[in-house]
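Read the structure below first, then the notes.
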Amino acid sequence: MSNSVTSKSQLAQLNRELTASLMQLHRLAEQLAQHLSALEDAIPSWQHYLLRPEFAIDSANRLGVTFEQPFALAAALFASLDYGEAHQPGDARNTLQVPGLLAVPTGAIEHARHLNKAKAVFQKTVADIKQALAPQPALERDQHLRDMLADAGFPRAHLRQCYRQILLCPRRPDAIALSWIKARKSIKKVSIEWCERKLVQLDPQGQDPGIQYQRQLLAGLHRNDHGHLRQVQIQSRANLQVAEIFHAAEQDQRDDYRQVGYSAMPVLISGGADRSLPEFSRVDHTPPASRRRTRRDLQVDKTPFLPALRVHLVCPH
């Protein structure tokens with residue numbers, strides 16, 4: 001009884017923290033968006049370099065902003081913290097992504113710093129809530145968290161987009177190095193017993209028709225296909241890697257090369273007095289493809305056999 005009372009008290013406190021952190025997060029995101037949007041028509045203009053791979057074009061279309069308005073596009077992306085018509089249905093891991101670079105004034109970087117801190121606070125609060133709800137089954141835990149988000153006034157909060165930190169270069173580098181890191185995919189053999197166990201964990205009460213249908217598919221799988229189950233995980237789409245370069249003061253010393261991170265969203269770089277970007281390497285708008293990965297993919301049915309587990313069947317040769 002005592003533990004139950006403590007848990008309810010803890011969740012009530014976390015609920016209050018969740019509400020406060022979400023309100024702060026949205027307020028700061030809107031402030032940053034307004035600041036960036038104001039740069040769109042600035043004269044002289046601020047320099048920008050946004051890449052247009054297929055997934056970025058799709059994100060821009062969903063946000064309803066064109067690449068001809070790079071700062072407004074970044075503003076819309078940074079402020080997109082909720083699920084909406086702009087988001088693809090289904091997999092909650094999907095996020096809107098537009099890689100690239102924006103030269104901005106110091107004020108924009110300060111706004112982004114405050115927003116990043118608010119994102120970290122919110123993420124920790126959600127982690128604490130999940131920890132407090134850990135004894136509950138997965139579906140009940142997720143629903144409880146969604147109910148708390150709704151009580152806070154943000155029922156459609158997109159957790160991954162709320163967590164994403166904005167990459168910053170507050171100290172203007174001498175140069176920026178850009179390079180595409182190819183998307184990684186793992187294809188792992190799984191057993192029929194593993195699949196059954198995971199499906200039961202997703203729906204312990206047997207109340208989800210979709211999960212129950214997948215269990216029926218698994219039960220009806222021909223014995224000859226039991227060894228053909230593969231879990232396919234896309235670990236990431238192609239990423240734009242960004243690094244800062246600071247030239248050495250003396251000729252015989254090496255330049256200082258620092259990783260900034262992967263640019264799923266535009267990196268904000270101090271534009272200085274001339275509002276320009278530092279020297280930077282150009283890359284193709286379309287990330288390079290991997291021939292080896294394509295050959296492996298041809299062995300796996302593109303339509304998942306068990307969508308809840310991302311499990312596919314190996315296609316017969």
Side chain to side chain, N239 and S263, heavy atoms closer than 4.5 Å: no
Test item: K119 and L81 side chains (from C-beta on) under 4.5 Å apart, heavy atoms: yes
From CA spacing to verdict: side chain to side chain donor-acceptor pair (under 3.5 Å), D203, Q207: CA-CA 7 Å; D203 184 28; Q207 298 177 345; over 6 Å; no
Salt-bridge contact R146-D142 (side-chain N to carboxylate O under 4.0 Å): no
Cation-aromatic face contact R171/F246, 6.0 Å, 45 degrees: yes
Residue pair W180 / Q241, side-chain heavy-atom distance below 4.5 Å: no
Nearest non-hydrogen partners of S45 and R275, listed with the distance: O-CB, 3.7 Å
Flag side-chain contact, heavy atom, 4.5 Å: L240 against I181: no
Any pair counted as salt bridge (Lys or Arg N to Asp or Glu O under 4.0 Å), so long as it reaches residues 68-78, sequence neighbours left out: R52-E68
Side-chain heavy-atom pair L63, N61 within 4.5 angstrom cut-off: no
Non-neighbouring partners of H35 that pass ring pair (Phe, Tyr, Trp, His ring centres under 6.0 Å), sequence neighbours left out: H111
Derivation and outcome, side-chain contact (heavy atoms from CB on, under 4.5 Å), residues I187 and H312: CA-CA 9 Å; I187 302 175; H312 298 240; over 6 Å; no
Test log, rule side chain to side chain donor-acceptor pair (under 3.5 Å), inputs H228 and D225: CA-CA 5 Å; H228 294 164; D225 286 327; 3.0 Å; yes
Pairing residues for F154 by the ring pair (Phe, Tyr, Trp, His ring centres under 6.0 Å) criterion, not counting sequence neighbours: H26
Stepwise side-chain contact (heavy atoms from CB on, under 4.5 Å) check, R164 with Q97: CA-CA 11 Å; R164 295 192 299 177; Q97 299 190 21; 3.8 Å; yes
Between S276 and D274, a side-chain donor and acceptor under 3.5 Å: yes
Q216/Q212 under side chain to side chain donor-acceptor pair (under 3.5 Å): CA gap, chis, key distance, verdict: CA-CA 6 Å; Q216 292 174 17; Q212 294 308 304; over 6 Å; no
Working for side-chain contact (heavy atoms from CB on, under 4.5 Å), residues Q24 and L28: CA-CA 6 Å; Q24 176 80 337; L28 293 173; 3.7 Å; yes
Distance, nearest 0.5 Å, that separates OG1 of T125 from CG of L14: 7.0 Å
Ring geometry between F280 and Y49 (parallel below 30°, tilted from 30 to 60°, perpendicular above 60°): tilted
Among L221, V200, L218, L217, side-chain contact (heavy atoms from CB on, under 4.5 Å) partner for C195: L218
Check: Y83 ring centre within less than 6.0 Å of H158 ring centre: yes
Check ion pair D256-R258 (N to O, under 4.0 angstrom): yes
Derivation of the side-chain contact (heavy atoms from CB on, under 4.5 Å) call for W194 and L229: CA-CA 10 Å; W194 180 91; L229 295 166; over 6 Å; no
Heavy-atom neighbours of Q131 CD exceed 12 at 6.0 Å: no
